[in-house]
Amino acid sequence: MTARLPAHTGPETRGLLADPLLHELGHGLGGPFHVLLPNAFDANAAAFLGVFAEAGVQGRVYYAKKANKAAVFAERAAVAGLGMDVASRGELREALDAGVRGEDLMVTGPAKADELLRVAVLQGALIAVDALDELDRLEAVARELDRKARALLRVLPPEQPHSRFGLDEREVTAALVRIGLSAVSLEGFSFHLSGYDVRQRADLAATLVRLCRRTRALGLPVDSVSIGGGFAVDYVGAEDWREFEETSRPEHFHAGKRFGGGFYPYHSPAAGADALRAILAAVPSGERVPLAEVLRTADVRLLVEPGRALLDQAGFTVFRVQGVKERDGYAILTVDGSSLSLSEQWFDSEFLPDPLLVPARAHADAPAGPYPSCVGAATCLESDLLTWRKIPFPKPPAVGDLLVYLNTAGYQMDSNESPFHELPLPLKVVVEPASDRFRWHLDRRPA
Ligand SMILES: Cc1ncc(COP(=O)(O)O)c(C=O)c1O
């Protein structure tokens, strides 16, 4: 039997799980839905800003918009004074619509289209240049508009030399020569690392601070280093995660499924704003003082682009159990949606925290569980499972029960969503506490 992986929950989630509103929404919306909890987003934003204040470091938080398409989080980011990391024209448009000012945008992503560059220059956005040919196109766009383009040079992390993003050392040198004479105004350097390593981020940040010093000596007044995103989210407890990792076997999954992509590290001792605190407190290699002091001494601003971490506890996803089929020693549940609303399958992986059953009726007479069950989608695809793992539910799942996947706001909800089979896309419902009850509205109300 697979280990249990109970998900951490915030107080609003716990309140909602015990509230009749959830079944009411299921009934009223007639399909799967995502619950968005913007108060949790606000708290995460305040925590990131608080870390900069506490460390006495000039910093800027850019919410990585790609992590969730909801309007409410973009609006809350604008109100909290965050910038926004956008990687497409659609995201840029949404950011402006939410109230983020052009100068507070950071445009990332590879080989940005000329149209995106044009709008970014007109808006006064900061543009993370990913390649030399992109720098040439940015230069041409800025000249044509007779404007200065604000830019960072994104570097290829030496620890991740096979990344397809960023400029290597030779390209950075070539870029600095070109920028000296151009319509591009360089403000600094950036990187984004895969994984969640604190030390790698502190080391590379300090390397880029030293690069800022050398670039200033060339007459370019750079003052910013962006360390990208990759602030972990702590989904499950340390002990549960250790047990899962030690005991997990293919037979714990439907059809003995193995995942080529491995799993997200669902437990993380330094997560979210605490990870930023740890990065600032780390003494980078080649330095004698913590990164915070390295930045202060060099008068360099630290930019961060968290996506997932700003959405920690800011939402969950609700499906309705549509069928229960018994197999040898476990059940196959079918829910009224698909794995495209739980995007981890994209990475040949699985969203592992245990979903919760919210029963439609009391199970007073059911013998004590567990009732291991995997979770299939309402589609014709053999491989469309939301959960291959045989979750040990404490009660027998029944048709009409709600199945709640917790803490899904960061990337899970909509990165892969598709109306395959003409299934409706799950609606997004914003829920907030109001005195003695919860109030809700759809994320996108008619304008
Ligand atoms: C350039 C860049 N910045 C920020 C992020 C956000 O990362 P995370 O959601 O892990 O914080 C990403 C994610 O892919 C990215 O590519």
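All values below come from the heavy atoms of this structure, side chains included, with hydrogens, waters and symmetry mates left out. Atoms within a ligand are numbered from 1 in the order they appear, just like the ligands themselves.
Atom 4 (C) of ligand 1 has as its closest protein heavy atom Glu305 O, 3.2 Å. For atom 15 (C) of ligand 1, the closest heavy atom belonging to the protein is Lys66 NZ, 3.3 Å. Of the protein's non-hydrogen atoms, His192 CE1, 3.4 Å is the one closest to atom 12 (C) of ligand 1.
One finds no salt bridge joining Arg389 and Glu344 here, because no Lys/Arg side-chain nitrogen approaches an Asp/Glu carboxylate oxygen to under 4.0 Å. Using a 4.0 Å cut-off between a side-chain N of Lys or Arg and a carboxylate O of Asp or Glu, Asp354 and Arg4 qualify as a salt bridge.
The ligand atoms of ligand 1 that sit less than 4.0 angstrom from a heavy atom of Arg154 are 1 (C). Close contacts between ligand 1 and Asp85 involve ligand atoms 2 (C), 3 (N), 4 (C) [criterion: under 4.0 Å to a heavy atom]. Short contacts between ligand 1 and Ala64, defined as distances under 4.0 Å to a heavy atom of the residue, involve ligand atoms 6 (C). The distance from ligand 1 to the heavy atoms of Pro306 drops below 4.0 Å at these ligand atoms: 11 (O).
Relative to the six-membered ring of Phe259, Lys257 meets both conditions, a distance below 6.0 Å and an angle of at most 45° to the axis. For the pair Arg308 and Tyr264, the distance from NZ or CZ to the six-membered ring centre is under 6.0 Å and the angle to the ring normal is within 45 degrees. Both tests do not hold together for Arg242 against Phe244: distance to the six-membered ring centre under 6.0 Å, angle to the ring axis within 45°.
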Which atom pairs, one a donor and one an acceptor, fall under 3.5 Å between side chains of residues 92-99 and the rest of the protein, sequence neighbours left out?
{"from": "Glu94", "atom 1": "OE1", "to": "Arg444", "atom 2": "NH1", "distance (Å)": "3.2"}
{"from": "Glu94", "atom 1": "OE1", "to": "Arg444", "atom 2": "NH2", "distance (Å)": "3.0"}

Let me have the donor-acceptor pairs involving side chains of residues 112-120, under 3.5 Å, with sequence neighbours excluded, atom names and distances please.
{"from": "Lys112", "atom 1": "NZ", "to": "Gly109", "atom 2": "O", "distance (Å)": "2.6"}
{"from": "Lys112", "atom 1": "NZ", "to": "Ala128", "atom 2": "O", "distance (Å)": "2.7"}
{"from": "Lys112", "atom 1": "NZ", "to": "Glu134", "atom 2": "OE1", "distance (Å)": "3.3"}
{"from": "Lys112", "atom 1": "NZ", "to": "Glu134", "atom 2": "OE2", "distance (Å)": "3.2"}
{"from": "Asp114", "atom 1": "OD1", "to": "Arg137", "atom 2": "NH1", "distance (Å)": "2.6"}
{"from": "Glu115", "atom 1": "OE1", "to": "Arg118", "atom 2": "NH2", "distance (Å)": "3.4"}
{"from": "Glu115", "atom 1": "OE2", "to": "Arg118", "atom 2": "NE", "distance (Å)": "3.1"}

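Looking at ligand 1, you'll find an N or O of Arg308 within less than 3.5 Å of one of its N or O atoms. Any N or O atom pair closer than 3.5 Å counts here, and Gly230 shares at least one such pair with ligand 1.
Residue Ala309 places every heavy atom at 4.0 Å or more from ligand 1. The closest approach between any non-hydrogen atom of Ala67 and ligand 1 is not below 4.0 Å. Assignment of Tyr411 to the shell around ligand 1 is supported, since a heavy atom sits closer than 4.0 Å.
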Residue pair Phe231, Phe48: steps toward the ring pair (Phe, Tyr, Trp, His ring centres under 6.0 Å) verdict: CA-CA 10 Å; Phe231 300 88; Phe48 269 93; 5.3 Å; yes

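At a heavy-atom distance under 4.0 Å, no atom of Met106 approaches ligand 1.
Exactly one residue among Leu342, Leu406, Thr387 makes a side chain to side chain contact (heavy atoms under 4.5 Å, CB included) with Phe351. That residue is Leu342.
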